[in-house]
Amino acid sequence: MLDIKFIVDNVDWVKKSLGKKGFPAEKVDELVQTFYDMNKLKTSSQSLAEEKNKLSNSIKSASNEERPAIIAKSKEVGEQFKAEQEKLSELEAKFNDMMLRMPNYPSEDSPEGPDDSANVVSRKVGELPHFDFTPRDHIELMEINDWSEMERIAKVSGSRTYAIKNDLAQLELAIHMMVMDKLRANGFTLITVPAISKEKPLYNQGYLPFARDEIYYMPADDIYLSGTAELILNSLRADEMLTEAELPILYAGFSPCFRREAGAAGKDTRGLVRVHQFFKTEQFVICKNDIEESEKWHKKLLQISEEVLQDLELPYQVLEVCTGDMGAPKYRQYDLEAWVPSQNCYRETHSCSNITEWQARRTNLRYRANDGKVRFCHTLNNTGIATPRALVPFIENHQQADGTVRIPAKLQPYMGGKKFIGKNAK
RNA sequence: GGAUAGAUGGCCGAGUGGUCGAAGGCGCACGAUUGGAAAUCGUGUGUACCCCUAAAGGGUACCGUGAGUUCGAAUCUCACUCUAUCCGCCA
């Protein structure tokens, strides 16, 4: 959510800036007009309230003769007040809804463009693999190594689910353990969080009202399944009054994640790339309201994720996401994409975002600054690692001619010292 | 699932129909005192919004949430949410 005062004072700039995200300028005008209408009504209903209060207060000291007339007058003013209030709350509801749909403004130096075609590759890191044999895709590798139960689990749990076993199951957990250790070494608090959430946190995060189709909902309990630990961590400190001294707060959140993938019909239907349920270790930062500070943390989060991919010895590229592709909450977004040999392209493994104060305003995530003022925090989030998707580039890049998969040195301690996994591994 | 108790400011806590935005304490800020500190004393200290502003000022709302009673609600009524404790069940 943006600051309405900021919008009103900078209408043209806001139109231009949100326009980069495809947000129509007319909606900014409509919002501003609604705000003015609302204030006008507020002013008139407040003076009615004032009159009503004055009358009420005078009743106690009034004489018995005066009293009935004052009560009658007060009743009348009360009726008028009530009518104005009803109009006002309608207008307020409209205004609040518009505010919730207003995206964050993107950074001035984010690339501009309508969709992912305008994303900019800012660098590529690591050598692409050269195979002196015909490489297999991850599905084939899972089959020959007895690593999965993909057909059977589809019968039990439906499409876009996965069951992996043996060394691959161990690998999935080992990668998370490795990432959690790295995050702890960087000062993050490891925290495991629920995969279920009430509705309000979804608005806080900025997932609602934008993407209801993407979220699993359980009506019997009026509860939602979380698509990411970011959802939970963003609201964990909601409505508290933090102090500047306790910032930044760094969370490494681990949770199952659920996504309906409603808009992805036909995409990545086979294998581990896009599934309804997965595990993610998430990086989440709450810092003070200072763009230099949050940009610093944004870079830091990116660096940590790059190190993760480097430790996993995966070739990757860093994408600077353009204004049209970055989504409503974001001020600046980097994506990391790891090389997937069978698809001959890079696929997203990490998404690193600076949300500035947009999320904190919705969440009422505040702190008392050293100068005594209350400010909204800045929040940032980035994937630590998400599996099973990360396993796809992993086993494809590290595959050997005999179908085994090499384990990079940094990961070996988490795999019981194994250097290779697979049926033919010794 | 059953039964009780509770929800008030940055924190603790008083307040059962009217000058209550809310006593008192803690914390915090500033000042006095001090060679400096502690202790002590004094003063100040909520959030959001509206009007008016050069500044000051005035007003409205907010005591878990929502509705209701009343001229008037932190206080009374109803519903809901959440928290704590006990019992039951349970990975």
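Owing to the predicted nature of the structure, the values given are computational and were not obtained by experimental measurement. Each chain gets a letter, A, B and so on, in the order its sequence line appears, and its residues count up from 1.
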If you check every side-chain atom of [X], which of [options] has the closest atom?
X	options	value
A:Ser56	B:C49, B:G72, B:C82	B:G72
A:Ser74	B:U47, B:C71, B:C50	B:C71
A:Asn39	B:C50, B:G72, B:U60	B:C50
A:Lys198	B:C82, B:U47, B:U60	B:C82
A:Ile71	B:C71, B:C49, B:C51	B:C71
A:Arg368	B:G10, B:C71, B:C49	B:G10

Quick one: look up who [N] pairs with, Watson-Crick or G-U, both distances under 3.5 Å, and put none if it's unpaired.
N	answer
B:U40	B:A32
B:G1	B:C87
B:C26	B:G10
B:G17	none
B:A54	none
B:U77	B:A67
B:C49	B:G59

Whole-Å distance separating the [atom1] atom of [X] from the [atom2] atom of [N]:
X	N	atom1	atom2	answer
A:Arg67	B:U70	CZ	C1'	14 Å
A:Lys52	B:G72	NZ	P	6 Å
A:Met241	B:G46	CE	P	12 Å
A:Glu84	B:A61	CD	P	14 Å
A:Lys82	B:A67	NZ	P	11 Å
A:Glu76	B:G72	CD	C1'	17 Å
A:Lys200	B:C82	NZ	C1'	15 Å
A:Ile59	B:C71	CD1	C1'	3 Å

Given the [atom1] atoms of [N] and [M], what is the spacing between them in whole Å?
N	M	atom1	result
B:C49	B:A29	P	26 Å
B:C63	B:G57	C1'	27 Å
B:C82	B:U77	P	23 Å
B:C80	B:A7	C1'	14 Å
B:C26	B:G42	P	11 Å
B:A67	B:A73	P	14 Å

- Task: Please state whether the rings of A:His276 and A:Tyr216 are parallel, tilted or perpendicular, taking 30° and 60° as the class boundaries.
- Result: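 A:His276 vs A:Tyr216 ring planes: perpendicular.
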Side-chain N or O of [X] less than 4.0 angstrom from OP1 or OP2 on [N]?
X	N	value
A:Asn53	B:A61	yes
A:Asn57	B:U19	no
A:Lys42	B:C49	no

- Item | Output field: ring centroids A:Phe95/A:Phe35 closer than 6.0 Å |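 Yes: the rings meet the under 6.0 Å criterion.
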- Is the cationic atom of A:Arg361 (NZ for Lys, CZ for Arg) positioned less than 6.0 Å from the six-membered ring centroid of A:Trp358 and within 45 degrees of its normal?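 No; the conditions do not both hold, so A:Arg361 does not lie above the ring face of A:Trp358.
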If the threshold is 4.0 Å, N to carboxylate O, is there a salt bridge linking [X] and [Y]?
X	Y	value
A:Lys54	A:Glu50	yes
A:Glu149	A:Lys165	yes
A:Glu214	A:Arg260	no

- So, does the side chain of A:Glu50 form a donor-acceptor pair with the base of B:G59 at under 3.5 Å?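 Answer no: no donor N or O sits under 3.5 Å from an acceptor.
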- Describe the nucleic acid contact of A:Tyr367 in one word from base, sugar-phosphate, nothing, applying a heavy-atom distance below 4.0 Å.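 The answer is nothing, as A:Tyr367 stays clear of every strand by at least 4.0 Å.
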- A:Lys21, A:Lys20, A:Lys16 screened by salt bridge (Lys or Arg N to Asp or Glu O under 4.0 Å) with A:Glu112, the one that passes: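 Per the salt bridge (Lys or Arg N to Asp or Glu O under 4.0 Å) rule, the option paired with A:Glu112 is A:Lys20, out of A:Lys21, A:Lys20, A:Lys16.
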